[in-house]
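These notes concern the structure reproduced below.
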Protein chains: 2
Amino acid sequence: MTNQAFEAHDHRSCIAEGVASAAQICTERNLQFTKTRQRVLEILLSEHRAMGAYEILEQLRAEGLGSQPPVAYRALEFLTKNGFAHRIERLNAFIACSHLDNAHAPVFLICRSCDRVVEAEADPAQGEIGRAARQAGFVVERAVREAEGLCPACAPAA
Amino acid sequence: MTNQAFEAHDHRSCIAEGVASAAQICTERNLQFTKTRQRVLEILLSEHRAMGAYEILEQLRAEGLGSQPPVAYRALEFLTKNGFAHRIERLNAFIACSHLDNAHAPVFLICRSCDRVVEAEADPAQGEIGRAARQAGFVVERAVREAEGLCPACAPAA
DNA sequence: AGTGCGTATGATATAACGTATCAACCCCAT
DNA sequence: ATGGGGTTGATACGTTATATCATACGCACT
């Protein structure tokens with residue numbers, strides 16, 4: 001990751017590429033990339049930020065794709081389970097994966113000022129969680145690593 | 001931390017020591033360790049597990065210490081802000097701090113089978129979050145590091 | 001074609017978590 | 001004594017998440 005990660009960019013290609021990659025992976029793994037699931041991923045990709053489930057649901061509702069909470073939560077469960085999106089625990093919100101290509105061990109940097117979230121990848125076995133787990137004889141299935149603070153753009157102002 | 005961390009133990013002393021330490025720290029820092037705050041800490045210490053705010057509230061209510069959500073949330077805010085308790089983001093729950101003595105950079109190991117939570121301490125600047133943040137020019141104010149998986153007691157059964 | 005199975009959807013209800021707001025109170029320092 | 005900061009009481013509301021039951025659809029097997 002570079003400083004660019006927090007900077008504005010044209011991400012029309014993010015959406016197209018993200019959906020295409022996801023579609024391909026679903027084909028390879030025999031997963032059903034249904035309309036609602038695809039649309040939720042598109043929404044996450046196009047907003048390019050962490051979104052609450054109900055915020056996503058509003059868009060689905062406006063498009064006639066379902067209006068009840070389980071609709072959004074089911075799609076999000078599918079997307080997160082398969083690595084197409086991630087849940088940000090700190091925000092109770094979701095964001096499209098920005099590293100669809102690699103293995104998944106995301107670290108999130110959450111700016112409390114502009115609300116942007118950047119995803120980095122880092123092997124959890126190498127870090128403090130891995131060390132603590134080994135010492136305790138604990139088997140890690142999922143590692144949550146989220147930092148809250150100020151991004152390069154917002155830090156100077158503060 | 002050792003393997004003992006996940007094992008049963010008599011923790012009557014945890015409660016007494018925890019409350020005493022907290023009381024002393026409050027005195028030193030001119031913080032008001034009010035009845036409700038102390039009681040919430042005691043509840044967390046005696047249950048020795050992650051508890052939801054409403055679960056704590058039930059106990060307070062039973063004891064006539066307040067019955068509305070803000071009562072619990074205010075006490076929990078005080079306790080977490082001052083390091084006497086921690087919020088487990090993954091669980092939307094709270095747990096008493098088990099390292100009142102040291103500086104605070106907790107890592108939590110959450111067993112999905114028995115629901116026990118163990119707190120370890122590790123400098124965040126050294127790990128993956130620190131590295132990712134430095135690369136991105138991000139200023140970390142709070143780091144969430146939580147691992148979900150199986151504790152030594154539950155792993156063999158699975 | 002008919003049956004059974006797994007997966008996905010639709011729909012309703014409710015649980016669980018969290019906060020805004022305003023008034024009252026209390027201590028204590030000026 | 002009084003004014004201000006912190007604490008409490010109380011009401012209401014907003015947000016996030018899941019349980020449950022019913023229905024539909026694709027697909028494999030006979």
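Per chain, numbering begins at 1; letters A, B, ... match sequence-line order. Excluded from the calculations below are hydrogen atoms, water molecules and symmetry mates; all remaining heavy atoms, backbone and side chain alike, are included.
Taking atom CD of A:Glu77 as the reference point, atom C1' of D:dT18 lies 11 Å away to the nearest angstrom. The CG atom of B:Asn92 sits 16 Å away from the P atom of D:dT15 (whole-angstrom rounding). For the pair B:Lys81 NZ and D:dG6 C1', the computed distance is 10 Å after rounding to whole Å. To the nearest angstrom, P of D:dT16 lies 14 Å from CD of B:Glu89. Rounded to an integer number of Å, the gap from CG of B:Leu76 to C1' of D:dT7 is 16 Å. At whole-Å resolution of the value, OH in B:Tyr73 and P in D:dG14 are 17 Å apart. Taking atom CD1 of residue A:Ile88 and atom P of nucleotide D:dT16, one finds them 14 Å apart after rounding to whole Å.
In this structure, A:Arg145 contributes its side chain and A:Val107 its backbone to no donor-acceptor pair below 3.5 Å. Under a 3.5 Å cut-off, the side chain of A:Arg49 and the backbone N or O of A:Ile95 do not form any donor-acceptor pair. Remark: the backbone N or O of B:Ala105 is paired with a side-chain donor or acceptor of B:Glu121 at under 3.5 angstrom.
With rounding to the nearest 0.5 angstrom, the CD1 atom of A:Ile129 is 11.0 Å from the CZ atom of B:Phe108. Remark: A:Glu58 CD to A:Ile43 CD1 distance equals 10.5 Å, nearest 0.5 Å. Note that CD of A:Glu42 and CD of A:Glu47 are 12.5 Å apart. Values are rounded to the nearest 0.5 Å. Atom CG of residue B:Leu44 and atom OG of residue B:Ser98 lie 12.0 Å apart, to the nearest 0.5 angstrom. For the atom pair CG (B:Leu41) and CG (B:Leu45), the distance works out to 4.5 Å, reported to the nearest 0.5 Å. Interatomic distance, CD of B:Gln24 versus CD of B:Glu17, reported as 12.0 Å (0.5 Å rounding).
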Give each protein N/O atom lying under 3.5 Å from an N/O atom of nucleotides 20-29 of chain D, with the pair distance.
none

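For the segment residues 141-149 of chain A, the set of residues with a heavy atom within less than 4.0 Å of an atom of DNA chain C is empty. Residues of residues 19-42 of chain B that place a heavy atom closer than 4.0 Å to DNA chain C do not occur.
B:Gly66 approaches B:Leu57 most closely through the heavy-atom pair O-CD1, 3.9 Å.
Nucleotides of DNA chain C nearest to B:Ala93 and A:Ser67 differ in position, and the one nearer the 5' end is that of A:Ser67.
Side-chain contact check for B:Gln59 and B:Glu55: no donor-acceptor pair (N or O, by modelled atom type) lies under 3.5 Å.
The base of D:dA17 is paired with the side chain of A:Tyr54 by a donor and an acceptor separated by under 3.5 Å.
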Side-chain donor-acceptor contacts of residues 77-90 of chain A below 3.5 Å, not counting sequence neighbours, with atom names and distances?
from	atom 1	to	atom 2	distance (Å)
A:Thr80	OG1	A:Leu76	O	2.8
A:Thr80	OG1	A:Glu77	O	3.1
A:Asn82	ND2	A:Phe78	O	2.8
A:His86	NE2	A:Glu119	OE2	3.0
A:Arg87	NE	A:Glu89	OE1	3.1
A:Arg87	NE	A:Glu89	OE2	3.4
A:Arg87	NH2	A:Asn92	OD1	3.0
A:Glu89	OE2	A:Arg142	NH1	2.9
A:Glu89	OE2	A:Arg142	NH2	3.3
A:Glu89	OE2	B:Arg90	NH1	2.9
A:Arg90	NE	A:Glu148	OE1	2.7
A:Arg90	NH1	B:Glu89	OE2	3.0
A:Arg90	NH2	A:Glu148	OE1	3.1

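Residues satisfying the salt bridge (Lys or Arg N to Asp or Glu O under 4.0 Å) test with A:Arg112, not counting sequence neighbours, are B:Glu141.
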Please evaluate residues B:Arg131 and B:Glu128 with respect to the criterion salt bridge (charged side-chain N to carboxylate O under 4.0 Å, His left out), reporting the C-alpha separation (whole Å), side-chain torsions for both, the decisive distance (0.1 Å), and the verdict.
CA-CA 5 Å; B:Arg131 193 170 336 106; B:Glu128 313 94 314; 5.6 Å; no
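The span of DNA chain C lying next to chain B, judged by atoms under 4.0 Å from heavy atoms, is bounded 5' to 3' by C:dC17 to C:dT21.
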